[in-house]
Amino acid sequence: MLAQLQHHGFQALWHPDLLAALLVVYVAYLLVVCLGYRYAVRARPPGPTRVLAFGLGLLAVYVAEGTPLHILAEQYLFSAHMLQHLLLALIMPPLLLLGLPGWLLRPLLRQPAVRRGAEILFHPLVGLLAFNLVYSLYHWPVFYQAGLRLPALHVLQHGLLISTALIMWWPVAAPVRALRLPEGLQILYLFGQGVAQLLVFAMITYADHVIYPWYAHAPRLLHLLSAREDQALAGFIMNVGGLAVFIPALLLAYRRWVRREVERFPLYPDPPGATEAASDR
């Protein structure tokens, strides 16, 4: 397997130019969020969790597009391509959104036209429908095969996948809290996202034949893994990978929802007059 990959060369396998570009983006991000907050209204210094989330989002981009995973996905294994999609659509977008401080966007959102446009573009129904429509059509055999044969179309497909994934994650992970769904609705929204992908998962996993001829004729890097088994593995990655992302996100939304409800309706409220008596002491 390693011998078959080595003939592609270091540049094609590791893409140092992409790594350098992502490092520049991360350094620029650190300069903006670590210094710029001083000049913004109601801004606080970025916490380590936010900075780490943005860095991990950029790392997901590099793993998907700058490592040998890219070559494996394009030329050899459908399961590698599915892992690439998992990184680009379900892992990278929420990490980047969580890494952005709200004060970066608030000046733009004060403009009525921008605010209205954001409310339309990032409406939960738009996110639910747009992402799953693109995701489903992408994996339809005729479109998938065309993308593998035409590099420009493949770039367009990945661009649509990433952009609609960002729209899909916005109601849950938007930098500005006012543009997020309430936590209770986030639970239903995330559940709906998981259900919406079951059709594509079933088409790939339970097909009785190899549905993408490109991978049926690809060189077998892993001789113990046939094209049909590679396809079943891809379906497994799609399903289990999606659950591994959506379930923690759903549980986190549930935890925030319970905490907010307890704050609104405490289990042991102060008895009448307790506040006044405490203030007199």
Side-chain angles (χ1 to χ4, degrees), residues 60 64 69 72-73 77-95 97 122-148 154 156-173 180-216 225-255 257:
L69 178 63
L72 289 172
L77 294 171
F78 179 39
S79 54
H81 211 156
M82 193 58 68
L83 181 58
Q84 191 183 44
H85 289 177
L86 178 69
L87 289 166
L88 293 176
L90 298 187
I91 293 178
M92 178 268 288
L95 287 173
L97 289 176
F122 298 113
H123 192 279
L125 285 179
V126 175
L128 184 68
L129 295 175
F131 173 74
N132 288 291
L133 180 62
V134 168
Y135 194 75
S136 299
L137 288 177
Y138 190 152
H139 292 94
W140 202 256
V142 63
F143 296 118
Y144 196 97
Q145 285 285 121
L148 290 172
H154 197 191
L156 176 62
Q157 288 172 333
H158 272 201
L160 287 172
L161 184 70
I162 293 171
S163 58
T164 54
L166 287 167
I167 294 172
M168 181 267 287
W169 280 105
W170 184 274
V172 176
R180 295 180 213 153
L181 277 174
E183 284 80 4
L185 292 178
Q186 285 184 26
I187 296 171
L188 296 176
Y189 179 77
L190 290 167
F191 178 79
Q193 290 290 356
V195 171
Q197 296 179 20
L198 290 179
L199 180 61
V200 180
F201 160 72
M203 178 188 75
I204 292 172
T205 307
Y206 300 115
D208 57 1
H209 63 285
V210 178
I211 59 178
Y212 303 120
W214 180 277
Y215 293 111
L225 191 66
S226 67
R228 176 67 186 84
E229 291 166 339
D230 175 43
Q231 183 172 287
L233 178 59
F236 177 81
I237 291 171
M238 172 188 283
N239 189 37
V240 175
L243 291 175
V245 173
F246 284 128
I247 288 179
L250 192 150
L251 292 175
L252 183 60
Y254 176 75
R255 180 171 175 267
W257 179 51

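All values reported here derive from a predicted model rather than from experimental measurement.
- Relative orientation of the H85 and H139 rings is perpendicular, given thresholds of 30° and 60° on the angle between their planes.
- A donor-acceptor contact shorter than 3.5 Å is absent between the side chain of Y138 and the backbone of H158.
- Counting heavy atoms from C-beta on, the side chains of W140 and M203 come closer than 4.5 Å.
- Side-chain contact between M92 and W169: absent, with no pair of heavy atoms (C-beta onward) separated by less than 4.5 Å.
- Shown here for R180 and W170, the closest heavy-atom pair between the two residues is CG-O, 4.4 Å.
- Residues L133 and L129 fail the side-chain proximity criterion, which asks for heavy atoms closer than 4.5 Å.
- Scanning all heavy atoms of the two residues, the minimum distance from Y215 to H81 falls at OH-ND1, 2.9 Å.
- Nearest heavy-atom pair, G235 versus T205, reported as atom, atom and distance to 0.1 Å: CA-OG1, 3.2 Å.
- For L148 against H154, the heavy-atom pair with the smallest separation is CD2-CE1, 4.5 Å.
- Considering CG of L188 and CD of Q193, their distance stands at 12.0 Å, rounded to 0.5 Å.
- Across L190 and F246, no two heavy atoms sit closer than the pair CD2-CD2, 3.9 Å.
- Across all their heavy atoms, A216 and V210 have their closest contact at CB-CG1, 3.8 Å.
- Side chain of Q157 to main chain of F143: a donor-acceptor pair is present (N/O by atom type, distance under 3.5 Å, no hydrogens or angles).
- The CG atom of L161 sits 10.0 Å away from the CG atom of L166 when rounded to the nearest 0.5 Å.
- In this structure, the separation between CG on L88 and CD1 on I162 is 4.5 Å, given to the nearest 0.5 Å.
- Around CG of L199, the count of heavy atoms belonging to other residues, nucleotides or ligands within 6.0 Å does not exceed 12.
- At least one donor-acceptor pair closer than 3.5 Å links the side chain of Q231 to the backbone N or O of H209.
- In this structure, the side chain of Q84 engages the main chain of A64 through a donor-acceptor pair within 3.5 Å.
- Within a 6.0 Å radius of CZ in F236, no more than 12 heavy atoms belonging to other residues, nucleotides or ligands are found.
- The environment of Y254 atom OH is sparse: at most 12 non-hydrogen atoms of other residues, nucleotides or ligands sit within 6.0 angstrom.
- In this structure, L83 and L72 have side chains that are not in contact, with every pair of non-hydrogen atoms separated by 4.5 Å or more.
- Atom CD1 of I187 and atom CG of L252 lie 10.0 Å apart (nearest 0.5 Å).
- The closest side-chain heavy-atom distance from M238 to L86 is not below 4.5 Å.
- F131 places none of its side-chain heavy atoms less than 4.5 Å from the side chain of I167.
- Between L137 atom CG and N132 atom CG the span is 10.5 Å, to the nearest 0.5 Å.
- Within the 4.5 Å cutoff, side-chain heavy atoms of Y212 are placed close to those of I204.
- One finds the CG atom of L233 at 4.0 Å from the CD1 atom of I237 (value rounded to the nearest 0.5 Å).
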